[in-house]
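Convention: sequence-line order gives letters A, B, ...; per-chain numbering from 1.
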2 protein chains.
Amino acid sequence: MNAPDPMIRITTQRQILLEELGKTKNHPTACELYDMVRKRLPRIGLGTVYRNLELMADTGIILKLEVGGSQKRFDAEIEPHYHIRCCRCGKVENIEVDIIQDIVQSAAKKTSYDIIGHHVEFSGECPDCQDGSSKI
Amino acid sequence: MNAPDPMIRITTQRQILLEELGKTKNHPTACELYDMVRKRLPRIGLGTVYRNLELMADTGIILKLEVGGSQKRFDAEIEPHYHIRCCRCGKVENIEVDIIQDIVQSAAKKTSYDIIGHHVEFSGECPDCQDGSSKI
DNA sequence: ACTATATTGCAAATCATCCGCATTGGCGAA
DNA sequence: TTCGCCAATGCGGATGATTTGCAATATAGT
Ligand SMILES: [Mn+2]
Ligand SMILES: [Mn+2]
Ligand SMILES: [Zn+2]
Ligand SMILES: [Zn+2]
């Protein structure tokens, strides 16, 4: 009936993008990733970075984090886990808290939505920001 | 040592903004609120809306929701509660799930952050979007 | 009422993200 | 291998959301 899915090619920019994302635990933004990748592929375009991150997130090989702050962040770790964000510097880190399965069940009972997922985001002051908190 | 805090004035635009936000349970965006308020204050500027929402959120009399999607949303209900967002239409609603206090304690043990708060956001398909899901 | 200054409306600037398009480059077929 | 199709890229320019600068205005203390 409809045309076959267009093929997805393995391009250098995709490989390197994925490699660089895999190297860090910093949940980089698209721009941060752009800077990282540019050290190896100086001519890559920012649009390519956005397009491919979007594609990979849709495919499910990476995670797009819609956390607080004005920029989206990306994560190579796709196993479910939660995050904590520093309310001062905006840094996002993993937090090793057990996934709450119960909450999805009890939420399902309380809503007529068809629940697809959930995310828990803590916020607080990171150690770095605690030190100089009153300064500046 | 430093100058006293500048006074905060009760302006018409602030009063009406707060009233309009209080009237709805829809977690409006700044632009949606702008449209609502403009019916009563046609000459209000969008900048004023943004500035005051920011101010009120900082003061703690309203909540700024940093949920998924590209726009921030605002909430007059400041008692802790969780939200669910429709992954199709972007609508955000409250979800009546008990606040998980335990998770904050266990998170506190797992991190060196000074935890200030947390938020749980579910995502799923709202009833409206479930119907016509395959259409269009 | 008078004044000091916090706040506004407006417009222009910024920031993140997306898009159109001519050119390039994967990769399956010959 | 080479060839050719068309997915993907680099570019630069749109878009949408939010912020900011500034002269004009309005609140609140005297
Ligand atoms: Mn992570
Ligand atoms: Mn709410
Ligand atoms: Zn920090
Ligand atoms: Zn919906």
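Side-chain rings of A:H119 and B:H119 stay apart, their centers remaining 6.0 Å or farther from each other.
Across all strands, B:I44 comes closer than 4.0 Å only to sugar-phosphate atoms, never to a base (heavy-atom distances). Residue B:L46 is classed as a base contact, given a heavy-atom separation below 4.0 Å to a base. Across all strands shown, B:R43 has heavy atoms under 4.0 Å from sugar-phosphate atoms exclusively, and none from any base. Using a 4.0 Å heavy-atom distance criterion, A:T12 is classed as a sugar-phosphate-only contact.
At a non-hydrogen distance threshold of 4.0 Å, A:R51, A:S70, A:Q71, A:K72 from residues 51-75 of chain A come into contact with DNA chain C.
Rounded to 10 degrees, the angle between the two end axes of the helix from C:dA1-D:dT30 to C:dA30-D:dT1 is 40°, with five pairs used at each end.
Distance from the side chain of A:M7 is smallest for D:dA7 among the nucleotides D:dA7, D:dT27, D:dT9. Comparing D:dG10, C:dT8, D:dA28 by their closest approach to the side chain of A:T48 singles out D:dG10. Of all nucleotides listed (C:dA4, D:dG10, D:dA8), D:dA8 comes nearest to the side chain of A:R9.
The 12-atom threshold is exceeded at NZ of B:K23, counting heavy atoms of other residues, nucleotides or ligands nearer than 6.0 Å.
The backbone N or O of B:I61 sits nowhere less than 3.5 Å from a side-chain atom of B:T59 that would complete a donor-acceptor pair.
Of all heavy-atom pairs spanning A:I95 and B:A107, the tightest one is CD1-CB, 3.7 Å. Annotation for A:A76 and A:G22: closest pair CB-CA, 3.8 Å, computed over non-hydrogen atoms.
Atom CD of A:Q15 and atom C1' of C:dG25 are 13 Å apart (whole Å). Summarising the geometry, the separation between CD on B:E32 and P on D:dT18 is reported as 11 Å, rounded to the nearest angstrom. Whole-Å rounding puts the A:L41 CG to D:dG10 P distance at 7 Å. At whole-Å resolution of the value, CG in A:L33 and C1' in C:dA16 are 15 Å apart.
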(request) Test A:L65 against A:K72 for side-chain contact (heavy atoms from CB on, under 4.5 Å), laying out the working first. (result) CA-CA 6 Å; A:L65 305 182; A:K72 303 235 187 330; over 6 Å; no

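Electrostatic pairing of B:K64 and B:D58 does not count as a salt bridge here, judged by no charged N lying under 4.0 Å from a carboxylate O. Between B:R40 and B:E19 there is a salt bridge, since at least one side-chain N of the basic residue sits less than 4.0 Å from a carboxylate O of the acidic one. Ion pair A:E96/B:K110 not flagged as a salt bridge, since none of the NZ, NE, NH1 or NH2 atoms sits closer than 4.0 Å to an Asp/Glu carboxylate oxygen.
Of the two residues contacting DNA chain D, namely B:A30 and B:Q13, the nearest-nucleotide position lying further toward the 5' end is that of B:A30. In terms of position on DNA chain C, the residue among A:I10 and B:I8 whose nearest nucleotide sits closer to the 5' end is B:I8.
Residues satisfying the side-chain hydrogen bond (donor to acceptor under 3.5 Å, both in side chains) test with B:Y82, not counting sequence neighbours, are B:H118.
Between A:T11 and C:dG25 there is no side-chain N or O to OP1 or OP2 distance below 4.0 Å. Between A:Y50 and C:dT17, a side-chain N or O to OP1/OP2 separation shorter than 4.0 Å is present.
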